[in-house]
Chemist: 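Structure in structure tokens, see below.
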Amino acid sequence: MAEEKRDTPIDVKLLELLVCPLTKGPLTFDQANSELISKSAHLAYPVRDGIPIMLPSEARPIED
């Protein structure tokens, strides 16, 4: 099985436009894990090959 790329950057302008699909709140980019973090929803959305996967079913729960 191929390992996912973890160092793929995300466009800053794209990040400014994206919001959490559940809360419509802001997202922050966690470059170390290649994820978009929604603090209000306590979810981390994966970024694969530079493409944010904004599906709640693909997100992983996070602790504060």
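Keep in mind that the numbers below use all heavy atoms, side chains included, and drop hydrogens, waters and symmetry copies.
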Chemist: Using side chain to side chain contact (heavy atoms under 4.5 Å, CB included) as the criterion, list what pairs up with Pro21, not counting sequence neighbours.
Modeler: Tyr45, Met54, Pro56

Chemist: To check you understand the geometry: which heavy-atom pair defines the closest contact between Leu22 and Leu43, and what is its length?
Modeler: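 Shortest heavy-atom separation between Leu22 and Leu43 comes out as CD1-CD1, 3.6 Å.
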
Chemist: With Leu17, which residues qualify under side chain to side chain contact (heavy atoms under 4.5 Å, CB included), at least two apart?
Modeler: none

Chemist: Are Phe29 and Val19 connected into the same hydrophobic cluster when the rule is that any two of I, L, V, M, F, W, Y join if their side-chain heavy atoms are below 4.5 Å apart?
Modeler: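 No, because Val19 and Phe29 fall into different hydrophobic clusters, even though each may have its own neighbours under 4.5 Å.
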
Chemist: Any salt bridge (Lys or Arg N to Asp or Glu O under 4.0 Å) involving residues 24-33? Give me the pairs, sequence neighbours left out, ordered by first then second residue.
Modeler: none

Chemist: Closest approach of Pro52 and Leu36, non-hydrogen atoms and distance?
Modeler: CB-CD1, 3.6 Å

Chemist: List the residues meeting side chain to side chain contact (heavy atoms under 4.5 Å, CB included) with Ala44, not counting sequence neighbours, and say none if there are none.
Modeler: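 Side chain to side chain contact (heavy atoms under 4.5 Å, CB included) list for Ala44, sorted by chain: Glu35, Ile37, Arg60, Ile62.
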
Chemist: Among residues at least two apart in sequence or on other chains, which ones pass side chain to side chain contact (heavy atoms under 4.5 Å, CB included) with Thr23?
Modeler: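 For Thr23, the residues satisfying side chain to side chain contact (heavy atoms under 4.5 Å, CB included) (neighbours in sequence not counted) are Cys20, Ser38, Ser40, Ala41.
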
